[in-house]
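Please read the structure below before turning to the comments.
From a predicted model like this one, the values you see are computed outputs, not experimental measurements.
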Amino acid sequence: MANLVEQLRNWLLKKRPFRMKRLAKDPVKPSKVNETLTELPPEIEQKLKTLVHELPSHPDSKSAVLEALSDAIAHWQEHPSATNNSLIVIASPVSAVARILTESLTDWADENKLTLVPLNWVERPVDSQEIKSKLREKLAVDDAEPSTSVAVIPNLSWCFLRTAEGLDGIDYLRDELLGDRRRFWIIGSGQVGFRYLNSVLKLQAHCGEVITLPKLSGQQMQDWLMPVIETLNIQLDEDSIRERLQELKEASSESPTKTTVALIDGTVVFLRSLFRSVKQDTLSLNPETAKDDGSDSSWQEYFRRLARLSDGVGTIALQLFVKSIYYDKERKADKTTEPSNAAHKPEANDSDQEVALRHNVVCKLPRLPALPEIEQNELYILYSLLVHGDLTLSALADSLGEETPWVNNSVQILRSSGLIEQRDHILKVNPLHYPQLKRKLASNNFVINIQD
């Protein structure tokens, strides 16, 4: 059974890399937000991309899934007719929830004698009117199916479109969740999409246990990313960090009224968040106490800031981390001296040039890009993308009830500003903008929780 899940994961990575890879970007309209690797030598750039892409989902995220799953499965097996028979795993709308779930189940399936019935989709059906029939075709309970079967829907977003007919698939799943207790259900979903479905269809009332993947702390992110840092011998750029901290310190001493009117559209929630973050930065990263030796404490402060800026979301943190890395041409390369923060041992196939260049890779303080100006009609486009995770242009137009040419004009503007990314025919929100975008949407009365 584990092979089925592993095959699904590999298929997702191979066939839908933009949905699953962490650094896949819009190749046609790169923006300043995506100027991540342009200053790195090609050898180091490729090495960094490979290391980040090959990072497994955070172990603590998988542990959270497996712990909840083990308890829920045990209760269901003991009392199949009296216990809820589903587990819903909620993640950030910019996270690859399908990847997290399939990686978790790959480890888990080997240890349990359960028949897995995965929904091996990599996108929603092109015709939204066919979603229900295709779900029934893939997930219908066979009379010969054992009583220990587990249906797996890696991404609920692919099972609906926000149209009249596009929600029939969710109606079907609601009936199935409570209709046949012989089967257990594991479903992954984005936070915004699940909130929307719960608001219009009361979906949660039909579900069993619902868990939200916990936010990652700075220490968890450090444990996760330190192998990349060590492999490339990445050094902290202490000078740029001190300069940035001084800017933050000066900003925090200014009058809130004077500073925020020019930055934010008068949004009180965002103002409070902004000045709270500035205060936290100046307190936790004091330039007077920052060390000059790239010590462990300096990295701890770096990752504390990374966790806060990313709201604890691994996808956002990875992109902020990569965006903060660059090649310092002025730094003297020394092949004989290993930096104090790295335990890298040169690999046998490393060239001398790679070894030398690796010492010039430095990391500056992470920072979110400024949120571009957004028109009211553009907010509806961005919200629909967050509800669905990703969409084609035609599906986006259908979800909005608008003509495709009109939607396309706005999409191209949003792509140019870096708010939307497109690869092949798939559109999605740029993860780097999500922390500020969700506050913007919340202040305009969209169904979204800024705490998510």
Only counting residues at least two apart or in another chain, list the ones meeting side chain to side chain donor-acceptor pair (under 3.5 Å) with Ser217.
Gln220
Answer yes or no: is there a side-chain heavy-atom contact under 4.5 Å between Phe160 and Val387?
yes
Val65 versus Lys62: any side-chain heavy-atom pair under 4.5 Å?
no
Tell me every residue that passes side-chain contact (heavy atoms from CB on, under 4.5 Å) with Ser394, counting only those two or more places apart in sequence or in another chain.
Thr392
Between Ile234 and Val228, which heavy-atom pair has the shortest distance, and what is it?
CD1-O, 4.3 Å
Greater than 12 external heavy atoms within 6.0 Å of Glu373's CD:
no
Nearest non-hydrogen partners of Lys134 and Pro125, listed with the distance:
CD-CG, 3.6 Å
Supply the atom-to-atom distance Leu306 CG to Leu309 CG, rounded to the nearest 0.5 angstrom.
7.0 Å
State whether the side chain of Ser86 and the backbone N or O of Gly208 hold a donor-acceptor pair below 3.5 Å, judged by distance alone.
yes
Those residues at least two apart in sequence (or on a different chain) that pass side chain to side chain donor-acceptor pair (under 3.5 Å) with Asn377 are Ser410
Only counting residues at least two apart or in another chain, list the ones meeting side chain to side chain donor-acceptor pair (under 3.5 Å) with Asn444.
none
Correct closest heavy-atom pair for Ser128 and Thr163 would be OG-OG1, 3.8 Å
Going by distance alone, is a donor N or O of one side chain under 3.5 Å from an acceptor N or O of the other, for Arg439 and Gln436?
no
Can Ile187 and Leu177 be said to form a side-chain contact (heavy atoms from CB on, under 4.5 Å), step by step?
CA-CA 11 Å; Ile187 301 174; Leu177 285 173; 4.2 Å; yes
Applying side-chain contact (heavy atoms from CB on, under 4.5 Å), can you list everything that pairs with Asp168, at least two apart in sequence or on another chain?
Lys132, Glu165, Asp171
So Arg99 and Glu103, salt bridge (Lys or Arg N to Asp or Glu O under 4.0 Å) or not? Walk me through it.
CA-CA 6 Å; Arg99 177 172 183 163; Glu103 286 184 0; 3.1 Å; yes
With sequence neighbours excluded, what pairs up with Ala307 under the side-chain contact (heavy atoms from CB on, under 4.5 Å) test?
Met221
Can you list everything that forms a side-chain contact (heavy atoms from CB on, under 4.5 Å) with Glu209? Sequence neighbours excluded, please.
Ala68, Ala72, Leu87, Ile211
Taking atom CG of Leu167 and atom CG of Leu173, what is their separation to the nearest 0.5 Å?
11.5 Å
Show your working on side-chain contact (heavy atoms from CB on, under 4.5 Å) between Asn430 and Leu437 and close with a plain yes or no.
CA-CA 10 Å; Asn430 185 337; Leu437 176 60; over 6 Å; no
Minimum heavy-atom distance Leu371-Lys440, with the two atoms named
CD2-CB, 4.2 Å
Looking only at non-hydrogen atoms, find the nearest pair between Leu368 and Leu432 and report the distance.
CD2-O, 3.5 Å
So does Lys49 pair up with Glu45, basic N to acidic O under 4.0 Å?
yes
Inter-residue atom distance Asn155.CG - Thr102.OG1, 0.5 Å rounding:
10.5 Å
Under the ring-ring contact (aromatic ring centres under 6.0 Å, His included) rule, what pairs show up with a residue in residues 185-218, not counting sequence neighbours?
none
For residues Gln204 and Ile88, determine if any side-chain heavy atom of one lies less than 4.5 Å from a side-chain heavy atom of the other.
no
Please list, chain by chain and in numerical order, all residues satisfying ring-ring contact (aromatic ring centres under 6.0 Å, His included) with Phe321, sequence neighbours excluded.
none
Heavy-atom side-chain proximity of Ile44 to Ile325 below 4.5 angstrom:
no
Pair Leu216, Phe303 - check side-chain contact (heavy atoms from CB on, under 4.5 Å), show working.
CA-CA 10 Å; Leu216 299 177; Phe303 281 106; over 6 Å; no
In Å, rounded to the nearest 0.5 Å, how long is the span from OG of Ser92 to CD1 of Ile316?
5.0 Å
Classify the side-chain pair Thr315/Tyr434 by whether it contains a donor and acceptor separated by less than 3.5 Å.
no
Distance check, rounded to the nearest 0.5 Å: Leu396 atom CG versus Asn408 atom CG?
9.5 Å
Carboxylate-amine/guanidinium contact Glu43 Lys47, below 4.0 Å:
no
Could you check whether any side-chain heavy atom of Leu386 comes within less than 4.5 Å of a side-chain heavy atom of Leu441, counting everything from C-beta outward?
yes
Counting only heavy atoms not in Glu67 (residues, nucleotides, ligands), do more than 12 fall under 6.0 Å from its CD?
no
Does anything in residues 396-406 pair up under side-chain hydrogen bond (donor to acceptor under 3.5 Å, both in side chains), and if so which pairs, sequence neighbours excluded?
Ser384-Ser399
Might you work through the side-chain contact (heavy atoms from CB on, under 4.5 Å) test for Lys438 and Asp311, ending with a clear yes or no?
CA-CA 11 Å; Lys438 67 180 179 181; Asp311 285 340; 2.9 Å; yes
Restricting to side chain to side chain donor-acceptor pair (under 3.5 Å), what partner residues turn up for Asp127, sequence neighbours left out?
none
Short side-chain to backbone donor-acceptor contact, Arg124 and His388, under 3.5 Å:
yes
Heavy-atom closest pair (Val97 atom, Gly188 atom, distance to 0.1 Å) is CG2-CA, 3.9 Å
Check: Lys428 and Leu385 side chains under 4.5 Å, non-hydrogen atoms:
no
Is it the case that the side chain of Gln422 and the backbone of Asp424 share a donor-acceptor pair, with hydrogens and angles ignored and the cut-off at 3.5 Å?
yes
Is any side-chain heavy atom of Cys159 closer than 4.5 Å to a side-chain heavy atom of Ile153?
yes
About how many Å separate CG of Leu391 and CD1 of Ile381, when rounded to the nearest 0.5 Å?
11.0 Å
Pairwise side-chain contact, Pro372 with Leu419, heavy-atom cut-off 4.5 Å (strictly under)
yes
Measure from the side-chain N and O atoms of Arg195 to the backbone N and O of Val447, and report whether any donor-acceptor pair falls under 3.5 Å.
no
